[in-house]
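Letters A, B, ... mirror the listed sequences (proteins, then strands); counts begin at 1. Source: prediction; values computed, not measured.
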Number of protein chains: 2
Amino acid sequence: MARQRNNSINIRSVAQLAGVSIATVSRVINSPESVSEELRERVKEAIEKLGYRPNQIARSLRTGSTKIVGFIIPDITNPAFLLMVKGAEDYLKRKGYMFMVCGTDHNIEEETKLLKTLLSQSVEGIIVTCSGGRNSSFAKVVQNSGVKMVFMDRRYEDIDLPYVGVDNTAGVEKITDFLVKTGHKSFVYLSGERNTSSAKERLRGFMKSMKKHGVEDYQVLYGRFTFESGYELTKKLKKIPDAVVGGNDLVALGAIEALNEMGYHVPDDVSVVGFDDMFYSKYSKPALTTVRQPIYEMGYTAGKVLWQLLSGKNVKKRVTILQTDIVVRETVKERETPDRGFTEKVEVVS
Amino acid sequence: MARQRNNSINIRSVAQLAGVSIATVSRVINSPESVSEELRERVKEAIEKLGYRPNQIARSLRTGSTKIVGFIIPDITNPAFLLMVKGAEDYLKRKGYMFMVCGTDHNIEEETKLLKTLLSQSVEGIIVTCSGGRNSSFAKVVQNSGVKMVFMDRRYEDIDLPYVGVDNTAGVEKITDFLVKTGHKSFVYLSGERNTSSAKERLRGFMKSMKKHGVEDYQVLYGRFTFESGYELTKKLKKIPDAVVGGNDLVALGAIEALNEMGYHVPDDVSVVGFDDMFYSKYSKPALTTVRQPIYEMGYTAGKVLWQLLSGKNVKKRVTILQTDIVVRETVKERETPDRGFTEKVEVVS
DNA sequence: TAGCCGGTTGCAAACGTTTTCAAGAACGTT
DNA sequence: AACGTTCTTGAAAACGTTTGCAACCGGCTA
């Protein structure tokens, strides 16, 4: 016996009302120029009258193209990640895509689970900002999925996929150089999650600067990319350095809070810098000196790269690295260098 | 001639490998207890071997249930909205749902467009935070859609749908009462987008407090819910009041920035309060006194209500209003009331 | 007039599932 | 031995589209 036919309006209702076949209705929708003026009008009228909207599910099943791209990011609540997402969306929505964005809560098991879920939803492409430093099960799923993917901001180095990121190393190196140049002699670096690619790259920039200038009075502390982490790490400091370099703005802001509570003034007693230039950093008191990342552009570019993949083009540039600027505000103060006046002089002469 | 069969693994490949019918494979997946031990094992093995994952699209088409709920929010980049979304997701994902979240950029035309798009994606439910104060085309689409919907945080009053929100009026009234009680005599209220339901409700709370205490020295200024708006409105002030009430935290923070630049000290010269208790407010300098909204809970509750709708239950409570707390930090200072000492005394006596 | 061609149209298959129905097997009861 | 019951299983229909193919209709050429 026939199952009860769903009473909602479908292509058949339209066809019936217009007195044509469903094929014609479909054509009116997808390639109107291929059907005669008269029928086209009749069908359009019927569509209007019934308020018919094609069922995307059926369409997807038939064509094999869902026009959906998924995002996997560590935290759906973090504005920085969402600004990237927005960048990618802004590019891709003009190509007719819809989006599913999923947060892993920094949990790599959840990450693979989400990947699987997205795959069975038949998304056409996925943009991923990794939640950890390595994720072997993730790699396995990716390999035999055949879906188009792009890494954004963070990547798993053992998975060969296009990557759009930011020159973390150069960014931190630049701002650390700036601190050295302005007379700071002792440093503390407050790292975020140590296994993420961005944390590693940023730390590398710091180390490069230290080495380059022959600075030995520095210390590296590991924590997370949060305000609280910056706060706690700083509180534990035995000796206060000339400058604190935060793994990101949140960490830097946490450090400032702690320093204030410990009775130090920023920037008079200590300089502090961050990384990100997040929304609030320019309004903090004192306003944070930091490294500006082109976050939105990064997402936009990732969207573009994914689209190239989706439209079958060969992506020549597998890796796109965007550059950073340093933005000088109020948390760095030029230090006197009384005890090194001599060295300074020599350098000038040589 | 037969179209080329899609070479990706489907239920048929599994059936073939296991030597059973596709019906059996489907049963192994959906109700394993209904198939014999032996076949079940064979099928599971085949699934594992091929890495088969059921095609959700096909499943949705057949069952008419996509297990997707959509969100429409004004700004995908605003952490407050996303915290609500997270709340709802946390509730609904345990019920097996996936999510599509869409931002309108505060544009009501985009809002109806997104609604239509979500509908043709056959989402089962939609949670909406309105972008404007009214949206007639939105209403029209909602009426004959049959999809389950819930308003979250903001609503269109002419559309009868379940609503989960916060007692904006009581919140602002409470904090304004607090200002009056601590001796403030003159007020400025900085409103956000004046047509949104939350802006209206908050303003009402302010007015109630003014009226209740017979205060006449107040002024209401309209702008937007942004830092910049608070800043600009404040800059235009001819006369500085005892207290500034911001339509939200951003506005309040903008006002503080402007006041500082104009040479006034917060809270010594002026008190400032906000609404939201957003992430950064406790770290601002001075830390903002504000109204805490249970944002996450609001989303969680909206998710719960939507689920009741989805599972066919009758929702008895069409409107759920969550209460706010006021959180006292550093931006309010008790004022002397030299010229009213007398009244004060009378009150105590009476 | 026969043949051909381009433009419109409809029929029916296919996309990958779920689910109804009926058939068969195994078993116990009379 | 006949029958009923319960449990497993497979065949086939259906979900709402898109699209290859064939049919038809005019008009044109030979």
Pi-cation contact, A:Tyr91 with A:Arg94 (under 6.0 Å, within 45°):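 That pair qualifies as a cation-pi contact.
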Go through the N and O atoms of the side chain of B:Arg62 and the base of C:dT18, and report whether any donor-acceptor pair is under 3.5 Å.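 Such a pair is found, so the answer is yes.
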Quick check: any donor-acceptor pair below 3.5 Å linking the side-chain of A:Arg27 to the base of C:dG10?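 In this structure, the two groups form a donor-acceptor pair.
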Rounding to an integer number of Å, can you tell me how far [X] [atom1] sits from [N] [atom2]?
{"X": "B:Ile9", "N": "C:dG16", "atom1": "CD1", "atom2": "P", "result": "11 Å"}
{"X": "B:Lys67", "N": "C:dT17", "atom1": "NZ", "atom2": "C1'", "result": "17 Å"}
{"X": "B:Ile22", "N": "D:dC15", "atom1": "CD1", "atom2": "C1'", "result": "14 Å"}
{"X": "B:Arg12", "N": "C:dC15", "atom1": "CZ", "atom2": "C1'", "result": "9 Å"}
{"X": "A:Ile29", "N": "D:dG16", "atom1": "CD1", "atom2": "P", "result": "14 Å"}

Is there a side-chain contact between B:Asn10 and the phosphate of C:dT17, meaning an N or O under 4.0 Å from OP1 or OP2?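 B:Asn10 to C:dT17 OP1/OP2: no side-chain N or O under 4.0 Å.
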Measure from the side-chain N and O atoms of [X] to the backbone N and O of [Y], and report whether any donor-acceptor pair falls under 3.5 Å.
{"X": "B:Glu89", "Y": "B:Phe99", "answer": "no"}
{"X": "B:Tyr156", "Y": "B:Gly132", "answer": "yes"}
{"X": "B:Glu124", "Y": "B:Lys67", "answer": "yes"}
{"X": "A:Gln56", "Y": "B:Ser120", "answer": "no"}
{"X": "A:Thr129", "Y": "A:Arg154", "answer": "no"}
{"X": "B:Ser26", "Y": "B:Ile22", "answer": "no"}
{"X": "A:Tyr163", "Y": "A:Asp153", "answer": "yes"}
{"X": "B:Asp105", "Y": "B:Asn107", "answer": "no"}

If you look at every strand shown and take non-hydrogen atoms under 4.0 Å, does A:Ser26 touch a base, only sugar-phosphate, or nothing?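 The answer is base, as A:Ser26 lies within the cut-off (heavy atoms under 4.0 Å) of a base atom.
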Counting only side-chain heavy atoms from C-beta out, which of D:dT17, D:dA11, C:dA12 sits nearest to A:Ala23?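 The nucleotide sitting nearest to the side chain is C:dA12.
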From the list C:dT19, C:dG10, D:dT18, which nucleotide is the closest neighbour of the side chain of B:Thr63?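 So the side chain of B:Thr63 is nearest to C:dT19.
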Heavy atoms within less than 4.0 Å of DNA chain C: which residues of residues 31-43 of chain B have one? Give them sorted by number.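 Within residues 31-43 of chain B, no residue comes under 4.0 Å of DNA chain C.
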Does anything in residues 47-61 of chain B come within less than 4.0 Å of DNA chain C? Heavy atoms only, and list the residues if so.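 Close to the strand are B:Tyr52, B:Pro54, B:Asn55, B:Ala58, B:Arg59.
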